[in-house]
Amino acid sequence: MTTPTDSPGRNTPEASTQVTAAPAKPEVKLDIEHVHVEDDPRTWSNIRKTTILIIISGASMIAGLSANIQNPANDQIESQLHTTSQDISLSLSMFILAQGNFPLLWSVLSEIKGRKLVYIASITIFTVASAIVAIARSIGLVIGMRVLQGAGSSSVISIGAATLADIYEPHQRGTMMGIYLSAPLLGPSIGPIVGGALTQGLSWRAVFWFLCIWGGVIVFAFAFLFKDTFRKERSITYQNVLKRRIRERQLNEQKKKDQLRSGDVTPASAERLPGGGAQVEKQVQQTGDLEAQRTTSVNVTADAMKEVKPSFADINPIPPYLRVLRRKNNVAILVPSGLLFAFSMSITYTCARTLANSYGYNALKTGLVLLAYGIGSMAGSILGGRWSDRTLNRLKAANGGVSYAEMRLESTKLAMLWFPPSVIGYAWVCQQHVHVSAVCVMLFLTGFFSIWIYSSTLAYIVDANVGRSSSAVATNSSFRGICAFVAFEVAVPLQDAIGDGGMYTLWAGLMLIAEGVVLLVLYKGRVWREQAVEAERVRQERKDLDAGDKA
């Protein structure tokens, strides 16, 4: 049976009995996603929710555009800055690596200081870095600013999905996640078109001025049209920081009492010591993990939040990262997620080379062909998201109205049948230099089926990590970035050595393995997740006991 923590809005019969008995230390688990909060984002109007969806989708397009919009300008950059193709490749690879790993920092920051601050700060960094690239006179400065661009554009990758989790219920997230993902997926396709047109019509610097203007528009939208969706009562990361800070005050309070008894300090001076005052002590006694409290305990926690304020010193991305990786179901789903993203980056990168070398296409024609992959990705993201929600609702109804996160992955089976054959078809269409219309068809199919699967895996990552969705998505981003970095580095050597046919036949094999792992999570992930939740509960109880003994 799924624990209440992982099944939103549901209490077991045993839990109801515990509520009636009203034990001294509540043990009834409350789904942290549904803790009562003021101005609940899930009760906002559809207009406000749609506005938020449009803003974060527009911001997420920056990530996709920025990775590929430079490609048509590479020859001009190399010529004008007197650099080498290796340096150009480094600027692209470092951008992807930074974009993949900085979400770890942004996600933790958003769980302490809220989503809006992170959005504005990160996109501002991106905007400023874009302007500096546009006026750069050396490749070193370009590479450095491209890293900052990757860092700034990466926040939406992690907390965009978390923002959707803030405002939508689980049964709605597949559809909304599909819409949200369609924007960055279109970026890699229209990026070469926009970059080619700006480079040919103006210069390579116009490409980065375009990104600067886009970033400025997004910053304005977040500043004046976006209302923060973060609620600290629903964040496990915030609650853990809060508990640690309160525990520290509890120890200081005990030290103060010991000093009073020993006569080292006077009662008046004791009130000025850290942790002084009876209110904090009362809060320490009554505040526990929010997941393990009844709804009636939330008011006490709210009082504690007013008294104890986490600061930037509490921002450490490593513990949330490790907590996500402690769960076997998370690790298992992160691997295919990373491979799917690496595949999408590889196919757009190598297809551009194939079209240029084998078909003699210029940058603009190449971008138009790659648009087929983007349209396929958008269609797969939107339709796959809807199918994911429909499948989840059907399985939930068949299960007596009770759902669990792994049900989401059932929707991937249909796409799994067609995805590897589509990859093999693309491989040999390119290898044999078949008419470009066939290349477009295979690009559409590979984009359609790959994102169908990927959107469901991302929705699962959110649903399976209640209360720490942004940390989970940031960890996923890290896996994506590392996998894509490797894919970029090996793509050209592999393509030159064994051709598109051999290379994408290998990719088809990797995709079969990825599909097998997704199926493994579908059938075994629930058991792994429940075991991990129980292990975390035991560890937390042990920590609380140790802290009590020290106090």
Side-chain angles (χ1 to χ4, degrees), residues 64 68 178 181-182 185-186 188-190 192 336-361 365-384 387 411-457 483-484 486-488 490-519:
N68 293 273
L181 282 175
S182 65
L185 293 172
L186 184 60
S189 297
I190 67 173
S337 177
L339 289 174
L340 285 164
F341 182 76
F343 168 81
S344 69
M345 298 303 294
S346 176
I347 197 171
T348 53
Y349 183 43
T350 58
C351 185
R353 294 186 78 237
T354 298
L355 292 171
N357 297 334
S358 301
Y359 290 81
Y361 280 13
K365 286 184 177 180
T366 296
L368 290 171
V369 173
L370 288 176
L371 189 61
Y373 185 85
I375 294 173
S377 297
M378 287 185 64
S381 179
I382 295 171
L383 295 179
W387 183 257
S411 63
T412 63
K413 287 182 176 179
L414 183 62
M416 285 181 181
L417 294 174
W418 300 101
F419 181 38
S422 299
V423 177
I424 293 176
Y426 169 80
W428 294 100
V429 162
C430 286
Q431 183 70 24
Q432 298 301 320
H433 303 158
V434 179
H435 191 273
V436 72
S437 60
V439 176
C440 290
V441 170
M442 302 316 299
L443 281 172
F444 177 89
L445 292 176
T446 54
F448 182 85
F449 292 120
S450 66
I451 301 305
W452 182 302
I453 299 171
Y454 178 78
S455 62
S456 289
T457 62
C483 290
V486 174
F488 264 123
V490 304
V492 173
L494 275 178
Q495 190 179 33
D496 291 341
I498 59 179
D500 286 314
M503 180 179 180
Y504 283 97
T505 299
L506 288 176
W507 267 113
L510 284 175
M511 294 302 97
L512 277 174
I513 294 172
E515 290 179 351
V517 177
V518 172
L519 291 175

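Keep in mind that what you see is a predicted model, and the values were worked out from it rather than measured.
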> Does the side chain of S411 pick up a donor-acceptor pair with the side chain of S456 at under 3.5 Å?
Replying inline: yes

>> As an exercise, state the distance from OG of S455 to CG of L383, rounded to the nearest 0.5 Å.
In response: 10.0 Å

> Minimum heavy-atom separation for A508 to I424, with atom names?
Replying inline: CB-CG1, 3.5 Å

>> Could you tell me if the side chain of Y373 sits less than 4.5 Å from the side chain of S450, heavy atoms only?
In response: yes

> Yes or no on side chain to side chain contact (heavy atoms under 4.5 Å, CB included) for Y426 and C351, after CA distance, side-chain angles and deciding distance?
Replying inline: CA-CA 10 Å; Y426 169 80; C351 185; 3.3 Å; yes

> Listed by chain and number, what are the ring-ring contact (aromatic ring centres under 6.0 Å, His included) partners of F341, not counting sequence neighbours?
Replying inline: none

>> Does Y504 form a side chain to side chain contact (heavy atoms under 4.5 Å, CB included) with C430? I'd like the steps, not just the answer.
In response: CA-CA 10 Å; Y504 283 97; C430 286; over 6 Å; no

Under 3.5 Å, which donor-acceptor pairs do the side chains of residues 432-444 form with other protein atoms, sequence neighbours left out?
from, atom 1, to, atom 2, distance (Å)
H433, NE2, S358, OG, 3.3
H435, ND1, S437, N, 3.0
H435, ND1, S437, OG, 3.0

> Can you list the steps and then say if F343 with F419 is a side chain to side chain contact (heavy atoms under 4.5 Å, CB included)?
Replying inline: CA-CA 12 Å; F343 168 81; F419 181 38; 3.9 Å; yes

> Can you name the residues that form a side-chain contact (heavy atoms from CB on, under 4.5 Å) with L512, not counting sequence neighbours?
Replying inline: P420, E515

>> Do M511 and I453 make a side-chain contact, defined as non-hydrogen atoms from C-beta onward lying under 4.5 Å apart?
In response: no

> What is the minimum heavy-atom distance between T457 and Y454, and which atoms define it?
Replying inline: OG1-O, 2.6 Å

>> Using modelled atom types and a 3.5 Å cut-off, is there a donor and acceptor pairing between side-chain atoms of Q431 and backbone atoms of D500?
In response: yes

> Are the side chain of S346 and the backbone N or O of A342 linked by a donor-acceptor pair below 3.5 Å?
Replying inline: no

> Which heavy atom of L339 sits nearest a heavy atom of A514, and at what distance?
Replying inline: CD1-CB, 4.3 Å

>> For G338 versus C483, what's the shortest heavy-atom pair and its separation?
In response: O-CB, 3.4 Å

>> Is any side-chain heavy atom of W452 closer than 4.5 Å to one of L414?
In response: yes

> Do W428 and T505 have side-chain heavy atoms sitting under 4.5 Å apart?
Replying inline: yes

>> Is any side-chain heavy atom of T350 closer than 4.5 Å to one of L494?
In response: no

